[in-house]
Structure formats: C-alpha cells, structure tokens
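Side chains included, hydrogens not; waters and symmetry mates left out as well; all remaining heavy atoms used.
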Amino acid sequence: MASTSKKTTPSPPCCDPTTPAPPPIRRDATSSSSLVPQDWTVPSADRRPVVDSLPEPSKTASGTKTVIPVMLRAQTSHPLDPLSAAEISVAVATVRAAGATPELRDSMRFIEVVLFEPDKHVVALADAYFFPPFQPSLLPRSKGGPIIPTKLPPRRARLVVYNKRSNETSLWIVELSEVHAATRGGHHRGKVISSQVVPDVQPPMDAVEYAECEAVVKDFPPFREAMKKRGIEDMDLLMVDAWCVGYHSDADAPSRRLAKPLIFCRTESDCPMENGYARPVEGIHVLVDMQNMRVIEFEDRKLVPLPPADPLRNYTPGETRGGVDRSDVKPLQIIQPEGPSFRVNGHYVEWQKWNFRIGFTPREGLVIHSVAYVDGSRGRRPLAHRLSFVEMVVPYGDPNEPHYRKNAFDAGEDGLGKNAHSLKKGCDCLGFIKYFDAHFTNFTGGIETIENCVCLHEEDHGILWKHQDWRTGLAEVRRSRRLTVSFICTVANYEYGFFWHFYQESYILYYFCTYSPNVDLSEDGKIEAEVKLTGILSLGALQPGETRKYGTTIAPGLYAPVHQHFFVARMDMAVDCRPGEAFNQVVEVNVEVEKPGEKNVHNNAFYAKETLLRSELEAMRACNPQTARHWIVRNTRTVNRTGQLTGYKLVPGSNCLPLAGSEAKFLRRAAFLNHNLWVTPYTHGEMFPGGEFPNQNPRVDEGLATWVKQNRPLEETDIVLWYVFGITHVPRLEDWPVMPVERLGFMLMPHGFFNCSPAVDVPPSTCELDAKDNDVKDNGVTPKPLQNGVLAKL
C-alpha cells in the first residue's frame, strides 16, 4: 500500500486545548513523562536522511546522559507500513529462487504476500525515536539513562504459496533489508527465515483461477449442449461465477482444489453493464478441479426455463424504471477552502486529537494500527493496537440446490482487500480526500496496484451538542465532524463498504455497508465501525407458476433466497496501556430492574449491574437489547477524577445470531458465529476466527471456538475483543435491481476515560455567519424572524 505525495494537500495544524486536563491517577508505582503535542508535519525536502547508526547522546556537566527527543531514522518505512511494490517483488523473487528445481519454481502460485507484523515492542521503539509520534517515554529505561537504539530490525514479509503441481500450501518468512526493499531490478534478494508446508489445507481462490474456470466450463462440450437445450448458442452471454465448495462431506476434502460454479446468462452480448444476474441458469451441476483446471463432474439434472428478460433489471442511467432519470436533483458540493483538518505523514494520520496508522492486507483490507488520543497534559493515551475485519460469512436459508451450498467465507476464501475498488472522487467520497494505493501480488507473482484504494476524508455529522437557556433564549450549539477511513470491495454480486469513523465526541463507530467498509473517527473520542451492504441479490429461477417460501419473488421467474450476513471485527485493545503493559479487563453491563420493596416503593427503580468476565469461557456472550447489554474494556491501574477505572465500552448495534440448525454443515467451520462477543488474551498467531485456511476445511478444532477452550484468565491482561455482528436479509422488491445500502455496525465509546466531555472545546462553526445569505425564501419573500416567546413573557 502506498501513500503518494501527489494526492496530499498541505493542511493547517490542529488546535490543542488551551486548558490542560488534570492527569490521571495510576495505581502502579511507575511513572513516565507525558507526551507534549507538537506540530511534526515534515516537508519532503526536510525529511531526515537514512543512516545506519545514531549519534551518541550528549553529556551534561555532571556526566549524565541527556535524552535525545528525536532520533535519526534507520529505516524509511515504519514497521507497520504495508509492503511496497518493490518489497513484494523482492519477497517473491526470494521464494521463487529458493525452489530446488525449475519445475518447482514454475509451479509456484502466490496467494498472499503481506507484512510480517513485528512484535509490539518493535513498534514502540519505532514510535519513540524513528517515526511519529516521536515519544521516547514509551521506551524502558536503565540505571544509566534511556536505552538508545541504533536502528530498527529489518522488515519481513510473510508469503502464502500454493504449488499447482503438488497441490501443497506453504508459508514463508522472508527478511527484507533496506537495500533489498529499494531494489527493483531483482539482482539482490531477501533472506528466507523459515518455510513450512501446511498439510491438508486449501488457500483462498484467486481471480486468475476464477477467469480460467469460466473459460474451461464454457469450452466443455456437455455444458454447451445443455445450454443449447435452453436456447443459448452464444457462449459470450454466459457468466460463470466460481464458488468455493465449502465443506459438506468427505468429497469436499482439501485433497482436491474444487469449485462449484453458478451460471447466469445476459440477454445482450454488446451491453457490458447489463445485469446478467437477472437470468440464473439452474438445473446444472458442475464440479471443477481448480488445480488441473478441468471439469470432473457434470450433470444436466433438470431443465429449468430461463427467466424472461426483466425490463427493470438494469440500473445504468436512462435504463431505470420509466427510462428517465430524475431531473430535480440540485448539485451538492463539499468545500473546504482552507484544506482539511487532518495531516498525513506516510501512513501516519493526525486529526483533531486522534492519531493512528493506516495498513492494508489482501485478506482483511483496511487495518487501523496504534489508535491513540492526545488528551492535553495527559499526553498520548492509547486505545487499541490493531483494528480490522477478519472474516465475513454469508449463509443462505434455502435448502434447495444449489442455494444450500451458498455459505461464502468472503475474507478467508476470497479476500476482502484483493477485491477492493479504485475509488473515484465525487462518487465514493466527497470533500477534500487523501487516497492511499494498495499493492498486491497476483497469482503468478507479478505486482498489481489498486490506485485510490483507501479514502480518508472529513464529514459533517450534524449537531455535536446544543443547549438553549429557556429564560434568556441564549443558545450554544456545535456541529459534529468526523474523520472517515474506508474502502469498498466487490465479491461476485455483492458490494461491501467498510468504514471506520472517528468522532470529536470520543467514540469510535463502525458501520458496515454491504461490501463497503468504513471507519469514522470523532472529535468526542468515539469510534464507529460501519459496514454498508449494497450490490445485486443472488437469485434463483422459478418454474412457471412456482413460488418458494424460502425467498421473495422479485420478478416473473425470479426469486431471491433469504440469507444472513455476518462480520467479525477483531480489536486488539490497549486502553491507557503503555507498551509492555497488560492492564486491561472486560466488564459486562446489564440494566436490571429493582425488585418491589423497601428499595423500590415507587416501582420505578432500575440500575446498571457490572460483571467481570474472568476467563475466556465466561466471556462467550450474546447481545441483549432488553437489558441494554454492553461491555467495557477497563484499565486496572488508571482511574479518573472520581476514582473510577478508565475505560472504553463496546456498544452493539442491531445484531442477530445464525438461524441455521446446530448441525448445519457450514457451522462446522463457523462455530464463532454462535456468540456475538468473544474475549481472548493476545496471542501471536491468533488472527482469524475460523483458522487461517477455512476453504474446504473439515476440521472443527481450529480457530476461535477452539482457542477459548484453554479458558485463559482475563482479569488483567492484553485483551483482544472479537465482535460478531450480522443482519438477516429478507429481500424486498425494492432491493431490485440494485440494493439500496443497508447499514450495520457498532461503537467504541469512552466510559470514564475522560474527566468530562472532550467535545466542549470544539469552537463554534462559521455557518451562523452565512445563514442570512443561505436562507431559503418562500415565493421570493424573506421569512421574518420570530420573537422568542419566553422573552416576550418576561
């Protein structure tokens, strides 16, 4: 992933609060100096040179060493920066060169090349001396003074390689030096640190395989004959979507790399934007050996007529309902004449009092690293080490062929990041936008770049807070602004948008829109995670006069099966924890009604009851809106001004659990869906709730549901939250031909983290000054202001 300077516009520095807040009280005996916020924006011409060693610290008159506040960089890439295109090339070349024979090297297929993320102490070292936020207090100290590093360890790449000849999957770790990372010609190589074959697994599918599968099926003679029976002569009209087979029986075992395609047919071959999903071809059974790329099973089981061409199937301009687009939509422009309030240095982002790093992987897509809030004299207060979406599962509720097999693991079987879009200004994002590119390896080891893959921009979010004194009529109001980081991906027919929103009012809200993830940061300390779902329904064909109770009839001969969408957010928390500290715990809060009696003589009493989740098995929890259930991650050693432990709470949005029976085959791989919340202590390697390779995985002893059987203690540790949230989609006619966005998500909100509202220092907006010029007149007459009724009475 790359951050290009040409996409960045200089922005004014943020304002720090003029009144420092009282420092938090820490219950441990240790202390460290607080971070003094500074304007660290570095013009490209003034960036520090790359050096191999650092100067010795100067000595005072007493002979003691002084602290070096900012160290010269030994690397140009932060340890958490995504791999560059050059680094990916070197990693691929290194692994390919390690092949013992030409045949072995030629059979290598590169599923994934990602950054091998270093230990947290390496990240702390980088953030202390080499990269923003330049916070030396993060590092441990010795009796002789601070530990002064000379340089960071080399970056490493992690590769998932599939051997097409032997059907084996292997994992490789390659070390990349500064010289190797800068090499583009391939003359220098990295160093192989380790390699191992992982038995009995199948890695995710690749877009190259999907394209080859479509060509193989179209060229298969029995398939062509079956299409002729349905009146299809032109193979260019056909769309063959390869789906992973999942695991339903021993026939799906990972000893073979398999796919079962779904078939669709367009009506016009010269219309590239036609909605081909409007005509599913059913009654055909096809099984493809993806290793050797050949059809190994084919059966024309039932002649189901093609649905007629629906006149409402298309969604391009001029082809929508009525054939005429709306003409009364006026332009809406987002203007920031002084530029944005955020600042970007590489992948490091500062906005208001937030700062974090942006990452990206082929599997998860957007990753948010090192989230912290600068809180006046308290300095930089960490909230989370790492935030991402690690899996999503879409099970269908129709027991008929082929729909019962539609149980996609879109992250583990395909990859959310690999299916991301190049975003376009003015459509996917509005306002002053900072884009980040993403680099991947393709199936054969080449480099592919998605330009403008991640979008960073500010949004107006309505009223932040307001109060009007009814006696005087005087009012104070502030508008809310949020910082949004997002990307959007397409997996076959669906789009998903993933968003992280950072707010001025100290919460993190995550929304999920089908196939489009966003992150919003707010000025008030909240973080919202949001997923937005949109795209085209996966349909089935009906016989004339037929209806099915497992779906909704959308058009003549077409129905949309009921289904669910589930998403898993992994949050490696660090609430008020400095590097090396593991002082977090999780408390569940339920609102309970007081029993009638002496304590509740008016029968109106209720209260919030807290329960500490002491171990992993106790922390397998479900949402309960009847008790306003939520969970708080607390620091066990830090209190606020009232003596309460500081914390951040996870506030669920709308949610659901799987509706399939407990013996459903897909739940064998997706046991993590049975609870909305899981909590584990941080363990390196525990990244994906269904295990690293869920494709065709028959085993039940992998992933989150197995890890928690250790029942590790959680009372004071490095906490990882796994939040599972979903939506049950009963399709509507209004979801056709393209589904309006459905939103889903949750919030991370401060709970005793601050001593008061962190949003009270947000200045008034300038909109009041321009209000007179923008007042809408009715019939050309400016409306007269109304006198305040209370003032008139007084």
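Listed for the Glu588 side chain is no donor-acceptor partner under 3.5 Å among the backbone atoms of Leu613. Without hydrogens or angle criteria, Ser480 side chain to Gly462 main chain gives no donor-acceptor distance under 3.5 Å. A donor-acceptor pair is defined here as one N or O able to donate and one able to accept, closer than 3.5 Å; no such pair exists between the side chain of Glu716 and the backbone of Thr636. The backbone N or O of Ser341 lies less than 3.5 Å from no partner atom in the side chain of Gln352, so there is not a single donor-acceptor pair. Side-chain atoms of Asn584 never come within 3.5 Å of backbone atoms of Val633 as a donor-acceptor pair (strictly under, hydrogens ignored). Put simply, the side chain of His369 never gets that close to the backbone of Val367: no donor and acceptor are under 3.5 Å apart. Asn407 places no side-chain N or O within donor-acceptor distance of the main-chain N or O of Phe666, the cut-off being under 3.5 Å. Looking only at distances, a side-chain donor or acceptor of Asn755 sits under 3.5 Å from a matching main-chain atom of Arg641. Here the side chain of His751 pairs no donor or acceptor atom with the backbone of Met749 at under 3.5 angstrom. Put simply, the side chain of Asn711 gets close to the backbone of Leu617: a donor and an acceptor are under 3.5 Å apart.
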Self-check item: Trace of the side-chain contact (heavy atoms from CB on, under 4.5 Å) decision for Leu383 with Phe356
Solution: CA-CA 10 Å; Leu383 298 180; Phe356 56 92; over 6 Å; no

Practice problem: Step by step, work out the side-chain contact (heavy atoms from CB on, under 4.5 Å) result for His630 and Ile632. | Solution: CA-CA 7 Å; His630 59 274; Ile632 304 174; 4.1 Å; yes

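Note on ring orientation: taking the six-membered ring where Trp is involved, the planes of His565 and His729 are tilted (angle from 30° to 60°). Relative orientation of the Trp678 and His675 rings is perpendicular, given thresholds of 30° and 60° on the angle between their planes.
Donor-acceptor pairing under 3.5 Å is recorded for the side chains of Tyr723 and Asn655. Counting only N and O atoms by type, the side chains of Asn635 and Thr646 include no donor and acceptor under 3.5 Å apart. Side-chain contact annotation: Arg386 with Ser388, donor-acceptor N/O pair under 3.5 Å present. Thr717 and Arg712 share no donor-acceptor pair across their side chains, judged by distance under 3.5 Å alone.
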Side-chain donor/acceptor pairs under 3.5 Å, residues 601-610, sequence neighbours excluded:
residue	atom	partner	partner atom	Å
Tyr607	OH	Glu592	OE1	3.3
Glu610	OE1	Arg634	NH1	2.8
Glu610	OE2	Arg634	NH2	2.7

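Note: Cys455 SG to Leu366 CG = 11.0 Å, rounded to the nearest 0.5 Å. In this structure, SG in Cys623 is found 7.5 Å from CG in Leu657, a value given to the nearest 0.5 Å.
Environment of CD in Gln626: sparse, with no more than 12 heavy atoms of neighbouring residues, nucleotides or ligands closer than 6.0 Å. Shown here is Tyr682, whose OH atom has more than 12 heavy atoms of other residues, nucleotides or ligands within 6.0 Å. Residue-environment remark: NZ (Lys120) exceeds the threshold of 12 foreign heavy atoms within 6.0 Å.
Between Tyr373 and Phe753, the distance separating the two ring centers is not shorter than 6.0 angstrom.
Partners of Arg548 by side-chain contact (heavy atoms from CB on, under 4.5 Å), not counting sequence neighbours, listed by chain and number: Asp398, Asn400, His403, Leu542, Glu546, Tyr559. In this structure, Trp631 has no ring-ring contact (aromatic ring centres under 6.0 Å, His included) partners at least two apart in sequence or on a different chain.
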